[in-house]
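Inspection log for the structure reproduced underneath, given as structure tokens.
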Amino acid sequence: MVDSIVDLDAQLANARDYWLGWGSADRSDRDLTLFRSDVSHPQLNGVLRVGHGASLNEAVAEAERRLAGVPWMWWVGPDSRPDLADHLRATGAVEIGTLPVMAVRLDQVNGLDEVNGSPGLEIEQVTGPNTLREWAHAYAPSFAVAPDQLGQVVLAETRRPDKPGSLVRFAGRVNGQLVGTAALLDRRGVAGVYVVTTSEEYRRRGIGTALTAAALREAADRGLRVATLQPSLIGERVYRRMGFEPVAAYRMFSPAQS
């Protein structure tokens, strides 16, 4: 069980586990850690790590071969070779941004028991294929997933290899309409929080915060002590208010154009 937010190995391993779960078409968790969902979206295909034992030239060639035909990204974090970023730039890859890694001890989350969201919000755990399909359709617009890719998104969610009970999905409803999502991945002794979204017309009502709090309460009930996530720029401000602190970052690269 992880006790400290500076234990990066467990947090980065949790992130790899989550994104590798998207590899319904292809995945590899070796020195080249790679996932392919076949969804036409760069965040849903990519390389998560190039380990110290890998040849950089061979890793780049293998990644390009296995991810050909879909948009994808390189994730360059503390768990990759330290010379990976320079090598990618030398091969023509373009750095496109930074994705922070934030963490908090669950006993130090601000107002965890008081966060309820907007009036009328009801939060439930997702069970069954019909609700899973509705859940995936609800978060897809926030990730800019094209409508013609929704079927592949649902397929990838259905095919995730997570152990029973390790991935808990949360749905927020207002008047029966599913307006917000979140997920908890209980792996590696930490609580990974993912897919926190709110439908555009329901934003700025505390729904995302309430769904995050629901995931954190579930994690605390399981005896977990540290939560980790990788927020968007907008989400980062929300998580800071909850007590999360930045502990690392991924540098994101778009692969070289052939």
Side-chain angles (χ1 to χ4, degrees), residues 2 4-23 27 29 33-35 37 39 41-50 71-80 84-85 95-106 109 136 139-140 142-145 153 156-157 160 162 166-170 180-198 208-209 211-216 218-219 224-254:
V2 174
S4 171
I5 66 171
V6 298
D7 187 340
L8 283 182
D9 288 345
Q11 295 180 55
L12 299 176
N14 185 288
R16 292 195 302 270
D17 287 344
Y18 175 76
W19 292 105
L20 278 168
W22 276 92
R27 67 171 63 90
D29 191 13
T33 304
L34 170 153
F35 70 105
S37 68
V39 180
H41 191 291
Q43 192 171 352
L44 300 180
N45 310 277
V47 176
L48 298 165
R49 176 181 60 172
V50 177
W72 60 282
M73 294 190 297
W74 291 93
W75 301 53
V76 182
D79 50 351
S80 278
L84 176 59
E95 190 164 1
I96 56 176
T98 300
L99 188 64
V101 178
M102 303 183 76
V104 68
R105 277 188 57 97
L106 290 169
V109 179
Y139 73 65
S142 294
F143 285 97
V145 174
V153 168
E157 287 279 11
R160 288 190 62 92
D162 310 289
S166 64
L167 181 66
V168 185
R169 300 175 175 95
F170 297 87
T181 66
L184 165 69
L185 181 62
D186 177 358
R187 290 291 301 277
R188 313 284 184 160
V190 297
V193 180
Y194 300 94
V195 207
V196 180
T197 73
T198 306
T209 302
L211 283 158
T212 302
L216 297 181
E218 174 69 20
L224 298 171
R225 297 167 186 166
V226 170
T228 182
L229 47 73
Q230 306 101 49
S232 66
L233 182 61
I234 295 174
E236 184 175 355
R237 295 194 293 269
V238 173
Y239 298 124
R240 283 182 182 273
R241 291 196 296 269
M242 296 184 77
F244 281 84
E245 300 176 34
V247 293
Y250 289 101
R251 297 168 65 183
M252 312 301 288
F253 286 78
S254 177

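What you see is a predicted model; the values in this text were computed from it and never measured.
The two atoms that bring Asp162 and Leu185 nearest to each other are OD1-CD1, 3.9 Å, heavy atoms only. For Asn45 against Ser37, the heavy-atom pair with the smallest separation is OD1-N, 2.9 Å. Summarising the geometry of Ala10 relative to Val190, their closest heavy-atom pair is O-CG2, 3.8 Å, with the distance given to 0.1 Å. Pairing each heavy atom of Ala144 with each of His41, the nearest pair is O-CD2, 3.6 Å. Here the closest heavy-atom approach between residue Pro100 and residue Glu236 is recorded as CG-OE1, 3.9 Å. Nearest heavy-atom pair, Pro78 versus Ala249, reported as atom, atom and distance to 0.1 Å: CD-O, 3.7 Å.
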Under the side-chain contact (heavy atoms from CB on, under 4.5 Å) criterion, do Arg241 and Thr209 qualify, and how do the steps go? CA-CA 10 Å; Arg241 291 196 296 269; Thr209 302; 5.6 Å; no
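Looking at heavy atoms from C-beta onward, Arg160 lies in side-chain contact with Leu167 at the 4.5 angstrom threshold. Looking at Val50 and Trp74, their side chains come closer than 4.5 Å, going by heavy atoms from C-beta outward. In this structure, the side chains of Glu157 and Tyr139 come closer than 4.5 Å at one or more pairs of heavy atoms.
Put simply, the side chain of Arg49 never gets that close to the backbone of Ala13: no donor and acceptor are under 3.5 Å apart. Between the side chain of Thr181 and the backbone N or O of Val195, at least one donor-acceptor pair lies under 3.5 Å. Using a distance-only test at 3.5 Å, with no hydrogens or angles considered, no donor-acceptor pair links the side chain of Asn14 to the main chain of Asp186.
For the pairing with Arg188, the side-chain hydrogen bond (donor to acceptor under 3.5 Å, both in side chains) check across Thr228, Asp17, Asp7 returns one residue only, Asp17. Among Leu44, Thr197, Val153, the single residue meeting the side chain to side chain contact (heavy atoms under 4.5 Å, CB included) criterion with Phe143 is Thr197. Residue Arg16 forms a side-chain hydrogen bond (donor to acceptor under 3.5 Å, both in side chains) with just one option from Asp29, Asp79, Thr33, and that option is Asp79.
Residue Met102 holds its CE atom at 4.5 Å from CZ of Arg240, rounded to the nearest 0.5 Å. Here the CZ atom belonging to Arg251 is positioned 13.5 Å from the CG atom belonging to Leu99, to the nearest 0.5 angstrom. Distance check, rounded to the nearest 0.5 Å: CZ of Arg105 to OG of Ser4 gives 8.0 Å. Here the CG-CG distance, from Leu184 to Leu229, works out to 11.0 Å after rounding to the nearest 0.5 Å. Between the CD atom of Gln230 and the CH2 atom of Trp19 there is a distance of 7.5 Å, given to the nearest 0.5 Å. Note that OG1 of Thr212 and CZ of Phe170 are 10.0 Å apart. Values are rounded to the nearest 0.5 Å.
Between Trp75 and Tyr250, the distance separating the two ring centers is shorter than 6.0 angstrom.
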